[in-house]
Each structure stands twice: as structure tokens, then as C-alpha cells.
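Here the structure comes first, spelled out in C-alpha cells, and everything after it is commentary.
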Amino acid sequence: MTATVASHRKPRQHPLAALTGGGSRSARTARTAATLALAGAATAAGLDGTGQAAPQPTPAQVKGRVDALYQEAEVATQSYNGAKEAAEKAREELSRLQDEAARRTGKLNAARSELGTMAASQYRSGGIDPTVRLLLSADPQRYLDGAAVLQRTGSHQATAVAGYARRLGSVRQIQRRAEDTAERLADTEAALKKHRVTVVHKLGAAEQLLSRLTAEQRQRMAGRGAHAHGGAGQGRADRGTGHGDGLRGGTGPEAAAAAAQAADPRAARAVAFAYAALGKPYVWGATGPSAFDCSGLTQAAWKAGGVALPRTTYTQISSGPRVDRSQLAPGDLVFFYSGISHVGLYVGDGKMIHAPHPGAPVRIAPIDQMPFTAATRPA
């Protein structure tokens, strides 16, 4: 009985030990070899299957993905700009409504005070019936004269009551409008926060991708980007501004020629402003004077020309009549992508001045470097 129980308690052998002949030294050596063989097989399987590490993207792949992220960020930026503009308008309207409500409430309080005075006077004089007062009066004519005055006072009281009711309704109407505006402002500020998070996330992802490249690769990429943005006319733009890099502002011959070809003096001033902004950094949500995003630059340029453009690409495209691409003149707004998420200021010779994206300052670029959508001539 004891032997049987002991046999059941005997520890089980490890599978590898069974394969290699138990726990002897030779068996342990065999187990070690088998373990190494299995590990090698697992490593080989990992390299051939899903466990293989993803290959590093090429600089061209990084650039493609970064460009896509910049485009997505710009879409979110325009949504942010629109929400910010709407929030500012709602804030101004709410402030105006609150001021108006306070003014009308003051008038309402004055009317209420007048009604209170009338009620107190009526209470003090209303304790005796008018007929008895006439019989007791030493001068009936004087009483009748006083009754006529009371009658006129009653008419005035009715007018005062009606005026109070009207003012009360007016105050309540203004208060409802203020409440609706406050709710709209809260919704807009929530959207503003959402778009801000999206922009920051997209730009952060782009920067993370760029950080995988060496300094030399990033420099080459920036060089290709500058060349692409500069286009065939970049050399002439360099000489026109009087600067070697073609990105600094100036009022050289090229700027003067572009302004001279503008549709009107306002467009000429917008073109001159855009040339003066060359080289200033791109900052999303910025409208100048030291930095711009794409629609911030065009808005500021046309503001210099005396025309108030709306804030976003989506609204700027409706700021004037459409212009056929073959009829473009300096100062016209040129829009890109199916979502109308980018805008530049046309300066002639197939080129525009625009604020491209973070890391790329305001510069001259050919309009065919991006998918052209439409053009508008602000009016």
C-alpha cells in the first residue's frame, strides 16, 4: 500500500527530459541543445512571420506621410479658425445683449417705481367713496375739479401699466436671446477645443515622423520642399526681392510689377503686403503681423488693401466673383484641394504667395504644385 501511494506521488518528468532520457548529465546537455534549437526555430519563425519588426520608412515615405498630416492639420486649422471667429462674434453679441438687458431693466425698474407710487397714492385717497366725499365737501366744484384730475391720472396710470408690461416683455425677450447666445458660445468653444486638439495631434505626429530622419535627411527634404515651393520663377523672385533666399519681404521690381498688373489699387496693396510678408513663419491660427497661416495671410493682405475678408478658406472663396484660371490677375485668391482647405494670393506668372505649413515660411510657389480648385477676386 505504501509503495503504491509513493508511486503516485512521484513527480512527473519534464517533457524535454522524457525526450532526452531523464535527468542525467547527458540528458541535461541534450535538453539544453533542444532548448536552443527551439529558440532558434522561434526566432526564425518570428523573422518570417508577423513578429518581424517593421522596416524603417524611407525618407520619401516619411515626406509623403508628413505632407498628408500637414494637409489634415490644415483642414482642422480652418475648422478651428471658423469656430474661433464664430466664438468671437457670439461673445460680442452676448456682451451687447447683456448691456441692452441691463439698460432695459433699468427702465423697467423706473416704471415699476412709478407704478408703486401711484398705487400708494390711490390707497391713501381711496378709503372714502367719491359720492360721500362730494356730500361732505365744503366746495363741491373744487371736488369735481379734483375728480377730473384723478380721471386724467387714472388714464396716465393705465398708460404706465401698459408701458411697464411692454418693457417687461422686452427685457424677457433680450434675456432669452442672451441665453441662446450663451449656449451657442458654449457649443462653439467646445468645437474650438476639439479642433485645437486635432491640429496639435496631427502636427505632433508629423514632427515625430520627421524625428526619425537624420539631420542630413531632414535638410535634404527641406531643400526639396523649398525648391518645390519656389518653382521655376523662384530665381526671379529672389532677384525681385533683392534677397538671396527668395523668402524675405521686399518691394523690388518683381513686387512692383505684380502690383502694377493687379486688377485695381486694392489688389495692388494686397500684393505689396504679401511680398513684404515673405519669410515670415507659418503658425496655425495666426493672422499676423509676425506670423500667419494660409487664410490668415490672405485676410491680412486684403485688409491692407482696404477689404475685410472672412477668416477661413471656406468663407473667403465666396468673398467675390469666381475667376477662371486663365483670367487670373495679381491679388486674386487661389484655392486648393477638394475641401478648399488651402489658399494663396496670386502674384502673376503662374505663381502665388502663400503660408504653406509649419517649418515652411511664407514663400512664392507655383499654383500647379497643389490640386487647384477655384479662384476668387475679392470685391
Side-chain angles (χ1 to χ4, degrees), residues 70-93 181 184-185 187-189 191-192 194-196 198-199 258-259 261-274 277 282 284-288 292-348 350-357 362 365 367-379:
Y70 281 150
Q71 172 59 19
E72 293 165 8
E74 192 157 49
V75 171
T77 295
Q78 293 306 313
S79 297
Y80 170 87
N81 291 340
K84 184 178 180 181
E85 184 178 46
E88 289 172 351
K89 289 181 178 179
R91 228 175 263 116
E92 291 174 359
E93 182 182 357
T181 303
R184 187 171 76 249
L185 176 58
D187 292 342
T188 305
E189 287 179 334
L192 194 64
K194 176 183 175 182
H195 296 315
R196 183 189 295 113
T198 301
V199 173
Q261 296 170 16
D264 57 48
R266 299 176 305 169
R269 290 193 293 270
V271 168
F273 181 96
Y282 176 102
W284 69 272
T287 58
F292 302 92
D293 63 18
C294 69
S295 56
L297 174 65
T298 51
Q299 184 187 50
W302 270 95
K303 182 178 180 181
V307 176
L309 293 184
R311 179 63 181 93
T312 69
T313 53
Y314 315 128
T315 48
Q316 287 184 7
I317 197 169
S318 301
S319 60
R322 297 292 178 89
V323 179
D324 188 79
R325 184 167 177 168
S326 63
Q327 300 298 316
L328 286 172
D332 291 345
L333 302 179
V334 283
F335 298 89
F336 303 91
Y337 299 103
S338 59
I340 316 174
S341 58
H342 191 76
V343 62
L345 190 83
Y346 189 70
V347 292
K351 302 191 299 294
M352 65 177 171
I353 293 177
H354 73 143
H357 56 72
V362 176
I367 63 171
D368 59 3
Q369 75 169 29
M370 291 180 288
F372 179 87
T373 299
T376 295
R377 185 165 296 162

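Since we're looking at a predicted model, the values are computed, not measured.
Counting only heavy atoms from C-beta outward, the side chains of Glu93 and Glu88 never approach each other to under 4.5 Å. In this structure, Glu72 and Thr77 have side chains that are not in contact, with every pair of non-hydrogen atoms separated by 4.5 Å or more. At least one side-chain heavy atom of Glu85 sits under 4.5 Å from a side-chain heavy atom of Lys89. Considering only heavy atoms from C-beta on, Leu333 stays 4.5 Å or farther from Arg377 through its side chain. For the pair Val334/Leu328, a side-chain contact is recorded, criterion being any heavy-atom separation below 4.5 Å from C-beta on. Within the 4.5 Å cutoff, the side chain of Pro371 has no heavy atoms near those of the Ser338 side chain. Counting heavy atoms from C-beta outward, Tyr80 and Thr198 have side chains that stay 4.5 Å or more apart. The shortest side-chain heavy-atom distance between Leu185 and Arg91 falls under the 4.5 Å cut-off.
Between His195 and Ala76, the shortest heavy-atom distance links the atoms CB-O, 3.9 Å. Residues Tyr314 and Gly339 approach most closely at CE2-O, 3.1 Å, considering heavy atoms. Of all non-hydrogen atoms in Ala87 and Thr188, the two that sit nearest each other are N-CG2, 3.5 Å. Nearest heavy-atom pair, Ile340 versus Phe335, reported as atom, atom and distance to 0.1 Å: CG2-CD2, 3.7 Å. Across Ala259 and Ala268, no two heavy atoms sit closer than the pair O-CB, 3.4 Å.
In terms of modelled atom types and a separation under 3.5 Å, the side chain of Trp302 and the main chain of Gly331 share a donor-acceptor contact. In this structure, Gln261 contributes its side chain and Pro330 its backbone to no donor-acceptor pair below 3.5 Å. Under a 3.5 Å cut-off, the side chain of Asp187 and the backbone N or O of Arg184 do not form any donor-acceptor pair.
Taking the six-membered ring where the residue is Trp, Tyr70 and His357 present parallel rings, their angle staying beneath 30° rather than reaching 60°.
Annotation: the span from Phe336 atom CZ to Phe372 atom CZ amounts to 6.5 Å, rounded to 0.5 Å. Taken from CZ in Phe273 to CD1 in Ile353, the straight-line distance is 11.0 Å, to the nearest 0.5 Å. To the nearest 0.5 Å, the span separating CZ on Arg196 from OG on Ser79 amounts to 13.5 Å. Atom CZ in Arg269 sits 8.0 Å away from atom CZ in Arg266 (nearest 0.5 Å). Between the OH atom in Tyr346 and the CZ atom in Arg325 there is a gap of 8.5 Å [rounded to 0.5 Å]. If you take OG1 on Thr298 and NE2 on His342, they are separated by 9.0 Å, rounding to the nearest 0.5 Å.
Between Glu189 and Lys84 there is no salt bridge, since no side-chain N of the basic residue sits under 4.0 Å from a carboxylate O of the acidic one. Between Asp293 and Arg311 there is a salt bridge, with a side-chain nitrogen of the basic residue lying less than 4.0 Å from a carboxylate oxygen of the acidic one.
Only one option out of Thr315, Thr313, Thr312, Leu192 pairs with Asn81 in a side chain to side chain contact (heavy atoms under 4.5 Å, CB included); it is Thr312.
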Gln316/Thr376 under side chain to side chain donor-acceptor pair (under 3.5 Å): CA gap, chis, key distance, verdict: CA-CA 8 Å; Gln316 287 184 7; Thr376 295; over 6 Å; no

